[in-house]
Participant: 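Shown below is the structure under consideration.
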There are 2 protein chains.
Amino acid sequence: MNTLSYGLLSLLSHAADSGYDLMLKIQPFWPAKHSQIYPLLAQLESGGYVQHKLVVQTDKPDKKIYSITDKGLNALRNWLTLPTDEPVTRDELVLKIFCMEQGDTADILHMLETRLAYYQDQLQWLQSKKETYAQLNPSPSLGIILLMQKGEFSVKADLEWTQWAMRQVIAHEKEPNPD
Amino acid sequence: MNTLSYGLLSLLSHAADSGYDLMLKIQPFWPAKHSQIYPLLAQLESGGYVQHKLVVQTDKPDKKIYSITDKGLNALRNWLTLPTDEPVTRDELVLKIFCMEQGDTADILHMLETRLAYYQDQLQWLQSKKETYAQLNPSPSLGIILLMQKGEFSVKADLEWTQWAMRQVIAHEKEPNPD
DNA sequence: AACACCATGTAATCAGTTACATGATTAT
DNA sequence: ATAATCATGTAACTGATTACATGGTGTT
């Protein structure tokens, strides 16, 4: 039972779902490809944590709808009481910033512009999600609300930093030697 | 040449260093164990991107001091012009928050308290680093300043969120059914 | 006496990505 | 026509962690 397995159980504690949809839904929280999800679900099923029923479709491929079992719910509840791993972030941009004096200002600015656009997309996605949830009945769980807010806090800080960093880079270019 | 390899070259573009110290210094930006660093350095050396000289020590074990070559610097400069991968964050806490209704409020609060302490430690580390750099001569490069600021922006947002989330959880507990 | 730090390396395993494989439906 | 979406799966590979291995110095 690794973290991704618990992540799948966590999603399934809200609603039964197919492997395909679980793969799409877990992306923002724990990126994983279908080639990792499908074997894990089979493993969780052989361990008795989930079960599936085949749903035959005519217009689309048949699918397996997985649901969490009592054993799965108990495992999930126990996991909540265990110590939580520290977050891990890996960002190539950070490594590039570290040696940015080796490159041209134009390249660095281009990199930051691309990242700015990425964060803006993220923020827009979060805010559209927020609207969707606001109109939803029943209203979303506290957990969902906390996660949306966490994303918004993070992305807004990242956005602010990127804009600040771009100004610094431009200022640094204009005044390379302050005599 | 993977991202960690470029990360090592990035550190070495500032100063020559041992594998052991590179391992320690890269932790905040790209977590990696010594068992991953040492073989990569050997690989970078066989590719001509770095070279090492043995430094014999009496009180401590001998060490290899690696320095970047011209080929390494060129590779680094070219890397700066290439498209940058999007950042990847994996946080077990996020997956736990998603299914928090399955657990006790006390367990969730304990989890958030632990995370709060972690972010506070991070912030303190960043601010002590900042002081160290402020007294340093020569003053740190623009890259270093940008990274310190990025860390501070992120951690402060995370801290704010954690405190806000704890208040939400407490409020939710007191008023579970708002009739 | 037991543990942490310095310093390097390899072996085994686990986690994650890319590629291979299939095939119908719908949109551009 | 070409590509994207839905839907599942396996195989090969790369990336990352844990464990094995050694050994002196300094700290509690």
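So that the names make sense, note that chain A is the first sequence line, chain B the second, and so on, each numbered from 1.
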Participant: Establish, with yes or no, whether the OP1 or OP2 oxygen of C/dC6 is under 4.0 angstrom from a side-chain nitrogen or oxygen of B/Q57.
Facilitator: no
Participant: Nearest nucleotide by nearest heavy atom, which residue falls closer to the 5' end of DNA chain C, A/W30 or B/M23?
Facilitator: B/M23
Participant: Measure from CG on B/L4 to C1' on D/dA16 and round the result to the nearest Å.
Facilitator: 10 Å
Participant: Hey, is the side chain of A/Y38 poking within less than 4.0 Å of OP1 or OP2 on D/dG9, counting only N and O atoms?
Facilitator: no
Participant: Would you mind telling me which residue lines up with the more 5' stretch of DNA chain C, B/G19 or A/D59, judged by nearest nucleotide?
Facilitator: B/G19
Participant: Between P on D/dT10 and CD on A/Q43, what's the gap in Å once rounded to a whole number?
Facilitator: 12 Å
Participant: Donor-acceptor pair, A/N2 side chain versus A/S5 backbone, under 3.5 Å?
Facilitator: yes
Participant: Taking only the side-chain nitrogens and oxygens of A/R90, find out if one of them lies under 4.0 Å from OP1 or OP2 of D/dG15.
Facilitator: no
Participant: Between the side-chain atoms of B/S35 and the base atoms of D/dT18, is any donor-acceptor pair under 3.5 Å?
Facilitator: yes
Participant: Could you tell me how far apart B/Q36 (CD) and C/dT10 (P) are, to the nearest whole angstrom?
Facilitator: 14 Å
Participant: What I want to find out is whether A/E86 reaches B/R115 closely enough, with some N-O distance under 4.0 Å, to be called a salt bridge.
Facilitator: no
Participant: Output the rounded distance in Å from CG (A/D17) to P (D/dC6).
Facilitator: 12 Å
Participant: Write down the distance between CG (A/N2) and C1' (D/dT18), rounded to a whole number of angstrom.
Facilitator: 15 Å
Participant: State whether A/E160 and A/K156 are salt-bridged, where the test is any N-O pair (Lys NZ or Arg NE/NH1/NH2 against Asp/Glu carboxylate O) under 4.0 Å.
Facilitator: no
Participant: In terms of hydrophobic clusters joined by side-chain contacts under 4.5 Å, are A/V155 and A/L146 together?
Facilitator: no
Participant: Write down the distance between NE2 (B/H34) and P (D/dA16), rounded to a whole number of angstrom.
Facilitator: 16 Å
Participant: Taking ring pair (Phe, Tyr, Trp, His ring centres under 6.0 Å) as the criterion, tell me which of A/W30, A/W79, A/F29 meets it with A/Y6.
Facilitator: A/W79
Participant: Quickly work out the B/L24 CG to C/dC6 P distance and round it to whole Å.
Facilitator: 7 Å
Participant: Output the rounded distance in Å from CG (B/D85) to P (C/dT17).
Facilitator: 11 Å
Participant: What is the nucleic acid contact for A/K33, judged by heavy atoms within less than 4.0 Å: base, sugar-phosphate only, or nothing?
Facilitator: base
Participant: Can you tell me if the side-chain N/O atoms of A/Y20 get under 4.0 Å from OP1 or OP2 in D/dC6?
Facilitator: yes
